[in-house]
Amino acid sequence: MKRDLPKIYEPQKVEDGIYKRWEESGCFNPDNLEGDPYSIMMPPPNVTGVLHLGHALENSLMDLMARFQRMQGKKVLLLPGTDHAAVATQAKVEKILIKKGIEHPREELGREKLLEEIRKFAENSKSTILKQIRKMGTSCDWSRLAYTFDEKRSRAVNEVFVRMFNDGLIYRGYRVVNWSVKGQSTCSDDELEYKERTTKLYTFRYAKDFPIPIATTRPETKLGDTAVAVNPNDKRYKKFIGQTFTAEVGAAKPLEIKIIADENVDINFGTGAVGVTPAHSAIDFEMYEKQKSLGNPIKLIPVIDEQGKMNQNAGKYAGLPAEVAREKFVAWLKENDLLEKEEEITHSVGMSDRFGDVVEALPMTQWFVDVNKKIPDKEKSLKELMRDAVAIGHGEDSAQKITITPDRFVKTYFNWIENLRDWCISRQIWWGHRIPVWYKNEKIYCAPQAPQEEGWEQDTDTLDTWFSSGLWTFSTLGWPDKEWEKEKLFHPTNWMQMGHEILFFWMARMILMSTYAIDQIPFKDVYIHGILRDEKGQKFSKSLGNTLDPIAIIEKYGADSLRLSLVAGVSPGNDSRFYEEKVESSRNFVNKLWNIARYVLISYPADKHELNTENLLPSDVWILQKFSSLIKNISNDIKNFQLSQAAEKLREFTWSEFADWYLEIAKFEENKDVKNWILNNILEDLMRMWHPFIPFVTETIWNESGKKTMLIAEKWPSSDKYEIKAEKPKHENYLEYFEFVRETIVAIRNIRIENKLDLKKKLTVVIRLKTDSNPLLKEVFEHEKEIIKKLRTGVGELTIEISDDIIEDAYHFPISDGNLYVLRAGLVDVEKEKARVEKEIANIEKFVAGLKSRLENNDFVSKAPKNVIDQQKESLAKKEAELVELKKHLSSLK
RNA sequence: GGGUGAUUAGCUCAGUUGGCUAGAGCACUUCUCUUACAAAGAAGGGGUCACUGGUUCGAGUCCAGUAUCACCCACCA
């Protein structure tokens with residue numbers, strides 16, 4: 001049967017069709033699958049735009065694992081979804097609208113119209129993203145598609161909010177928060193991006209008679225100072241602690257500065273004193289709270305408003321933008337001779353990562369999640385829940401313990417938890433889950449719906465987007481609706497992969513939400529991947545203009561090539577560089593695989609016979625052995641999340657062993673029935689193992705091989721099938737013999753090329769076996785003679801001798817244990833051969849010397865494990881034998 | 001200031017509990033259009049595993065320190 005398959009694999013022609021067939025097969029939906037549940041929740045991409053390479057990486061990883069587990073016989077759920085990404089999306093749409101000429105989108109459009117614009121944008125980018133996920137080949141269950149802002153997820157959000165409110169974990173408080181003037185909204189600590197800036201550090205006194213100078217980079221906020229903190233052990237200032245000074249600096253009222261003690265003040269830094277501005281610094285606000293709890297309160301005077309301008313408390317500075325007020329205040333300080341020093345320093349300032357402006361610290365009434373308060377009935381705080389889940393297991397149950405790969409991130413996580421403050425969850429933007437709290441006069445009511453009576457108004461704020469994405473692992477499964485009962489078998493989810501940059505944003509919040517709301521960890525294993533960088537090691541970013549569109553890459557090279565290049569050559573947790581050459585290399589491999597299959601399918605039409613072990617030749621035993629251990633290796637690697645290693649091993653076997661050696665030898669060896677069985681079976685099982693990595697080409701090959709089933713639904717191969725029962729003792733040695741044959745062939749090829757021998761001309765070769773060599777070896781070589789001749793060696797005549805004599809005027813290549821030589825009579829370039837052999841001898845001598853000294857070392861012999869010693873002894877014996885032969889040979893060269 | 005990671009071939013990177021003479025891809029050299037594949041095949045060259053000490057019979061691997069780079073956290077008032 002002659003088949004017609006194109007020489008070059010063309011992914012563009014098949015990928016969409018295959019994806020459709022997979023979808024129709026029902027394999028994406030775990031309801032159609034048997035086995036233990038296995039679930040992965042897709043980290044929902046933000047609906048702010050299109051899929052980028054990072055998403056492509058994540059899809060590759062998740063789909064790899066999903067397909068692998070499905071082939072392991074699991075009931076696999078890979079649940080897709082998208083994130084409404086509150087601030088990010090609104091900021092993005094507002095930017096677009098501003099470009100279109102709507103300068104103040106919120107005022108000009110109003111809440112409903114602006115929300116409509118955002119919704120349109122979100123829906124649009126959502127559908128693009130979902131299409132792109134399909135392009136990647138991701139085998140997710142579209143019937144369970146979720147969105148953080150859809151009705152079901154909104155119910156979950158409200159449910160958790162109300163519960164936390166009732167448990168007293170969510171509170172409304174007047175505290176200093178991060179405020180983006182540009183975005184007119186709060187942001188959480190984690191949403192800040194710190195950037196280095198040079199600014200001036202001013203050292204001054206509030207008044208001539210004020211005893212302590214202080215330093216600041218924000219003089220204008222000093223109009224709201226209410227205290228100066230000094231170290232209680234500071235001899236200079238100790239005497240002032242407890243006193244209050246007044247100073248007239250132009251604020252609405254004279255400043256009343258209380259000198260307070262604080263251990264954290266560094267005596268040696270700056271002036272050793274800190275001007276405390278409780279209203280405009282998170283740290284100072286903490287001091288304010290501390291003083292309050294100590295019964296020695298200080299005042300809190302805001303001087304900057306939500307527009308970033310000075311307010312009435314700032315007296316003569318009121319109404320000025322902060323920067324202008326700063327200059328004016330500094331000028332005033334100079335005039336009054338209060339400024340002692342002015343120096344340039346660099347320090348980092350927090351910028352809103354979405355709106356891009358420097359955030360202002362302002363005291364405001366906002367909603368917070370209290371992370372330190374004990375949860376009723378639990379005796380633990382949210383912070384403790386978050387720590388337990390990773391440290392000892394939720395509820396001290398080791399089965400409810402999260403493992404993180406690589407484990408160094410555990411430390412990072414704990415460190416973050418230690419420093420965690422209450423989480424500000426209210427945002428003043430409109431795109432997001434509205435806070436389920438209702439007000440009427442002084443009354444407050446917390447529930448998804450307003451009370452029946454008239455006059456209740458809902459809070460206008462929305463929730464931080466991470467509040468809803470924190471629920472993702474279980475809100476996607478229908479919680480708190482009835483559906484959950486049916487779906488909760490998928491929770492805790494099994495595997496979660498994410499970039500290390502969202503460890504705190506997301507992983508931490510999922511743990512918080514899940515352990516609190518449903519008393520389960522959200523996932524068992526977390527796999528942290530690095531971020532992708534360009535070939536120069538820079539992050540991909542729009543502003544650098546170095547972004548790559550994964551879809552364009554797929555169109556050029558195919559999804560498989562992209563996936564393979566993203567998964568191979570990376571290790572967990574580490575960043576990796578991405579560039580087109582990597583995709584090219586993967587494309588070349590995919591095409592190689594295609595051609596391997598093409599050759600096998602065309603030349604070895606499968607039939608159903610069993611493997612005839614009587615007819616096994618060394619090459620067969622060799623490849624079967626290699627393959628059966630490969631199967632075990634790959635399974636283990638994937639189970640240990642060593643995905644890149646698995647890909648490399650597969651590639652090595654496929655290309656260097658199966659294609660380069662076995663396939664070539666199969667062309668000449670006579671036991672066609674065995675060859676047929678092995679080629680077809682290994683090809684088939686190789687497709688299974690490659691499938692999670694490169695699903696499209698493997699499915700295509702599977703289909704071309706005439707299989708009725710789909711590869712996606714096939715089982716992972718078992719190594720048992722390839723294990724040769726040792727009924728024939730010679731098979732054990734076959735493995736070794738085949739290595740001899742390989743070495744012989746390489747040696748002959750080397751002779752030709754290194755000596756520039758005419759490749760067309762036939763070569764006469766003598767293989768000399770030593771007299772004491774295994775008689776089977778001769779048999780093998782007699783048998784392999786024809787193969788050696790044919791396998792691109794150009795050998796015309798090959799004889800095998802058994803003797804100990806050196807043949808003069810020949811090339812000598814000791815093989816493996818020193819008892820086998822490849823020789824070629826005549827035509828020797830003596831000088832060249834001498835040089836080569838001398839180099840080789842020097843090499844071996846060095847190695848042998850090392851081995852000897854080790855083996856003569858009593859410490860080594862007495863302390864090293866036996867197998868290591870044996871290994872080295874064996875190796876020494878071999879190399880010494882080689883050395884003897886090579887030296888003999890060298891002396892024969894004249 | 002605290003922490004983490006990286007440093008291995010020209011480039012990009014593997015190297016799982018320490019154990020034969022340290023690997024891959026790309027690039028390079030030479031040869032080959034040999035009927036599966038030139039997006040290929042064959043044979044090669046190329047490394048003091050950043051540095052200095054230590055532990056050990058044995059260190060790329062473990063420990064300490066140093067240097068350079070990258071990142072994270074805190075933030076200097």
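First the proteins, then the strands, lettered A, B, ... as listed; each starts at 1.
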[atom1] gap between [N] and [M], integer Å:
| N | M | atom1 | answer |
| --- | --- | --- | --- |
| B:G2 | B:G65 | P | 12 Å |
| B:A42 | B:C33 | P | 15 Å |
| B:G23 | B:G45 | P | 13 Å |
| B:C69 | B:U32 | C1' | 44 Å |
| B:C28 | B:G46 | C1' | 9 Å |
| B:G3 | B:G60 | C1' | 25 Å |
| B:G47 | B:A24 | C1' | 14 Å |
| B:U12 | B:G58 | C1' | 31 Å |

Check every strand shown and say whether [X] touches a base, only sugar-phosphate, or nothing at a heavy-atom separation below 4.0 Å.
| X | value |
| --- | --- |
| A:Thr217 | sugar-phosphate |
| A:Phe409 | nothing |
| A:Ile283 | sugar-phosphate |

Under 4.5 Å between any side-chain heavy atoms of [X] and [Y], yes or no?
| X | Y | answer |
| --- | --- | --- |
| A:Phe204 | A:Val330 | no |
| A:Thr698 | A:Phe693 | no |
| A:Ile257 | A:Ile298 | no |

Is the distance between the ring centroids of A:Trp416 and A:Phe409 under 6.0 Å?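 Centroid separation for A:Phe409 and A:Trp416: 6.0 Å or greater.
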Nearest to the [X] side chain among [options], which nucleotide is it?
| X | options | result |
| --- | --- | --- |
| A:Val868 | B:A70, B:U12, B:G19 | B:G19 |
| A:Arg421 | B:G44, B:G15, B:A74 | B:A74 |
| A:Val265 | B:A77, B:G19, B:U12 | B:A77 |

Donor-acceptor pair under 3.5 Å: do we get one between A:Arg587's side chain and the base of B:A39?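 Checked by distance alone, the answer is yes.
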Run A:Asn588 and A:Ser585 through side chain to side chain donor-acceptor pair (under 3.5 Å) and show every step you take. CA-CA 5 Å; A:Asn588 292 355; A:Ser585 155; over 6 Å; no
Separation of [Y] [atom2] from [X] [atom1] (nearest 0.5 Å):
| X | Y | atom1 | atom2 | value |
| --- | --- | --- | --- | --- |
| A:Lys592 | A:Thr654 | NZ | OG1 | 10.5 Å |
| A:Thr412 | A:Ile417 | OG1 | CD1 | 11.5 Å |
| A:Thr793 | A:Arg752 | OG1 | CZ | 7.5 Å |
| A:Arg587 | A:Glu580 | CZ | CD | 9.0 Å |

Assign a letter to each nucleotide of nucleotides 20-37 of chain B from its 5' end: B, base within under 4.0 Å of a protein heavy atom; S, sugar-phosphate only; -, no contact. BB---S-----S----BB
Between B:C71 and A:His500, is there an OP1 or OP2 to side-chain N/O distance shorter than 4.0 Å?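 No, because none of the side-chain N or O atoms of A:His500 sits under 4.0 Å from OP1 or OP2 of B:C71.
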OP1, OP2 of B:A14 versus side-chain N and O of A:Ser571: anything below 4.0 Å?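 Affirmative; the distance criterion is met.
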How long is the line joining [atom1] of [X] and [atom2] of [N], in whole Å?
| X | N | atom1 | atom2 | value |
| --- | --- | --- | --- | --- |
| A:Lys539 | B:C72 | NZ | C1' | 10 Å |
| A:Asp266 | B:G2 | CG | P | 13 Å |
| A:Glu584 | B:C11 | CD | C1' | 15 Å |
| A:Lys195 | B:C73 | NZ | C1' | 18 Å |

Under 6.0 Å from the ring centre and within 45 degrees of the ring axis: does the NZ or CZ of A:Lys582 meet both conditions for the six-membered ring of A:Tyr579?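 Yes - A:Lys582 lies over the ring of A:Tyr579, closer than 6.0 Å to its centre and within 45° of its axis.
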Under the 6.0 Å and 45° cation-pi test, does A:Lys667 pair with A:Tyr599?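 So A:Lys667 does make the cation-pi contact.
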Listed pairs, N/O of protein and of nucleotides 3-9 of chain B, under 3.5 Å:
| from | atom 1 | to | atom 2 | distance (Å) |
| --- | --- | --- | --- | --- |
| B:U4 | OP1 | A:Lys411 | NZ | 2.9 |

Using a strict 4.0 Å threshold on nitrogen-to-oxygen distance, state whether A:Arg421 and A:Glu286 make a salt bridge.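 Between A:Glu286 and A:Arg421 there is a salt bridge, with a charged N closer than 4.0 Å to a carboxylate O.
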Would you call A:Arg218-A:Glu360 a salt bridge at under 4.0 Å N-O?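 Between A:Glu360 and A:Arg218 there is a salt bridge, with a charged N closer than 4.0 Å to a carboxylate O.
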Report the stems of RNA chain B as range-with-range entries sorted by first number; a stem here is at least three consecutive pairs, Watson-Crick or G-U wobble, both distances under 3.5 Å, and write none if there are none.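 If one scans RNA chain B for consecutive Watson-Crick or G-U pairs, the stems found are B:1-7 with B:67-73, B:10-13 with B:23-26, B:28-32 with B:40-44, B:50-54 with B:62-66.
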